Novice: 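Sharing a structure here in structure tokens format.
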Amino acid sequence: MTAFRSVAVIGAGAWGTALATVAARAGRSVMLWARNADHAARIASTRDNPRLPGVRLAPDILVTSDLAEASRAEMLLIATPAQHLRGVVNIVATHATAAVPIIACAKGVEHGTHRFMTEIIAEAAPHAIPAILSGPSFADDVARGLPTAVTLAAKDEALASALVQALGSATFRPYHTTDVRGVEIGGAAKNVLAIAVGISVGRKLGASAQAALTTRGFAELSRLGRALGARSETLTGLSGLGDLILTCSSPQSRNFALGLALGRGEPRPAGKLAEGESTAPVLIELAASQNVEMPVSEAVASILSGRSTIDAAISGLLTRPFKAEE
Ligand SMILES: NC(=O)C1=CN([C@@H]2O[C@H](COP(=O)(O)OP(=O)(O)OC[C@H]3O[C@@H](n4cnc5c(N)ncnc54)[C@H](O)[C@@H]3O)[C@@H](O)[C@H]2O)C=CC1
Ligand SMILES: O=C(CO)COP(=O)(O)O
């Protein structure tokens, strides 16, 4: 199997920049693609990306806005927002014809199609090998070299393991699995649940409610995961429970921070991507199609769409019938 000497990171936001740093630390030859040529030129000359302030980009990371050039790498990491992944992979597919791994690093489910990230890659770039990287990892922590561990999934175990070898280092520790769907469900659902927990903290409902909501959130994430064939060790692993714990406990999470602002009745944080907002309506459509109950996610979707007030949604959750814990 190839040693994956060259890596292209597609999307120069906070996460793409952190991942470029990770790949450079692991000894890869790295190219970071930004869609805007001026933005790419500015990052290339200043070695600083305003999306990830205070992090200096290693001198050997090439920054480009040429997608054809980036698409020729031996491994591609896609770090655009989830709803834009298809658009960018469509273009990548016109340039890259070899069967290279394309690793989705976005967390979400596509509107309209209900497709998970690796399904989109499979449709948009049929010659490529889809994989997914997800887990508890704030871009800022990762870029600064603080210890993090994530899950990397591909259908072929040998390939998943080779990708881990190519990207892993002492401070960025990917664990490999073949449970692709399990990994992508965790990353998508935890963002929606983090908004709910942020709202409860913003409303000062207390630490006990925060723990209860996170746990019941995990119950519904697991129900959907099981219905879609995820393995229980994935759901309780880094990309499931691990990422849920991180984002439901820290205002550093943009999803949690959005919930916090909503709960406090404050303006939402400006210019911050909170993927849970896009994922919430799709997640509940997906759950309904599987006859899976996701009351916490439904409450988030109804608050975000204006169908429910926060107080009505909280009251709705607290007055649900008592039942067995499952
Ligand atoms: N920031 C973090 O700590 C982590 C983020 N992620 C995931 O990574 C994905 C990206 O998040 P961030 O980098 O944090 O967001 P960000 O808001 O910092 O950056 C998003 C980037 O995508 C680019 N972009 C937007 N639309 C595009 C399009 N149509 N084509 C190409 N590029 C486009 C933007 O120019 C921007 O550079 C999200 O799905 C997020 O959930 C995953 C793990 C950690
Ligand atoms: O996915 C993340 C951490 O694992 C980042 O969380 P936010 O997108 O909520 O900031």
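Counting begins at 1 with the first residue of the sequence. Predicted, not measured: the structure shown is a model, and the values here were computed from it. Each ligand, and each atom within it, is numbered from 1 in the order the structure gives.
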Novice: Does some non-hydrogen atom of Ala12 fall short of 4.0 Å from ligand 1?
Specialist: yes
Novice: Quick one: which ligand 2 atoms are inside 4.0 Å of a heavy atom on Asp243?
Specialist: 3 (C), 4 (O)
Novice: Taking 4.0 angstrom as the limit and counting only heavy atoms of Leu246, give me the atoms of ligand 2 inside it, by number and element.
Specialist: 3 (C), 4 (O)
Novice: If you take the nearest heavy atom of each of Gly186, Ser250, Ser239, Ser253, which one is closest to atom 9 (O) of ligand 2?
Specialist: Ser253
Novice: Can you confirm, on distance only, whether ligand 1 has an N/O atom lying under 3.5 Å from any N/O atom belonging to Ala139?
Specialist: yes
Novice: Using a strict 4.0 Å cut-off to heavy atoms of Thr247, name the atoms of ligand 2 that fall inside it.
Specialist: 6 (O)
Novice: Mind checking whether Gly108 has a heavy atom under 4.0 Å from ligand 1?
Specialist: no
Novice: For Arg144 and Thr171, does a side-chain donor sit closer than 3.5 Å to a side-chain acceptor?
Specialist: no
Novice: Report yes if Gly13 has an N/O atom closer than 3.5 Å to an N/O atom of ligand 1; otherwise report no.
Specialist: yes
Novice: Below 4.0 Å from ligand 2: does a non-hydrogen atom of Lys190 turn up there or not?
Specialist: yes
Novice: Considering only heavy atoms, does Leu273 approach ligand 1 within less than 4.0 Å through its side chain, its backbone, both, or neither?
Specialist: side chain
Novice: Against heavy atoms of Asn255, which atoms of ligand 2 measure under 4.0 Å?
Specialist: 7 (P), 8 (O), 9 (O)
Novice: What part of Cys105 sits under 4.0 Å from ligand 1 if we count only heavy atoms: the side chain, the backbone, both or neither?
Specialist: backbone
Novice: Would you please determine whether Glu275 falls within less than 4.0 Å of ligand 2 on a heavy-atom basis?
Specialist: no
Novice: Under 3.5 Å between any N/O of Ala106 and any N/O of ligand 1: does that happen in this structure?
Specialist: no
Novice: Can you confirm whether more than 12 heavy atoms, excluding those of Arg173, are under 6.0 Å from its CZ atom?
Specialist: no
Novice: Please determine whether any non-hydrogen atom of Arg254 lies less than 4.0 Å from an atom of ligand 1.
Specialist: yes
Novice: Assess the residue pair Thr17 and Asn49 against the criterion (side-chain hydrogen bond (donor to acceptor under 3.5 Å, both in side chains)); give the C-alpha distance rounded to whole Å, side-chain angles, the decisive distance to 0.1 Å, and a yes or no.
Specialist: CA-CA 8 Å; Thr17 306; Asn49 184 347; 2.8 Å; yes
Novice: Can an N or O of His39 be found at a distance shorter than 3.5 Å from an N or O of ligand 1?
Specialist: no
Novice: Which bit of Ala79 is near ligand 1, meaning a heavy atom under 4.0 Å away: side chain, backbone, both or neither?
Specialist: backbone
Novice: I want to know if ligand 1 touches Lys107 in the polar sense, i.e. an N/O pair below 3.5 angstrom.
Specialist: yes
Novice: Go through ligand 2 atom by atom and flag the ones less than 4.0 Å from a non-hydrogen atom of Lys107.
Specialist: 1 (O), 2 (C), 3 (C), 4 (O)
Novice: Taking atom types as modelled and ignoring hydrogens, do the side chains of Thr118 and Glu184 form a donor-acceptor contact shorter than 3.5 angstrom?
Specialist: yes
Novice: If you measure only the distance, is there a donor-acceptor pair under 3.5 Å linking the side chains of Gln252 and Asp141?
Specialist: yes
Novice: Looking only at heavy atoms of Ala257, does any of them come nearer than 4.0 Å to an atom of ligand 2?
Specialist: no
Novice: Under a heavy-atom criterion of less than 4.0 Å, does Ser137 contact ligand 2?
Specialist: yes
Novice: Would you mind telling me if ligand 1 is within reach of the side chain of His84, the backbone, both or neither, using heavy atoms under 4.0 Å?
Specialist: side chain
Novice: Taking Ala70's backbone N and O only, do any of them form a donor-acceptor pair with Trp33's side chain (distance below 3.5 Å, no angle check)?
Specialist: no
Novice: Provide the number and element of each atom of ligand 2 under 4.0 Å from a heavy atom of Pro136.
Specialist: 4 (O)
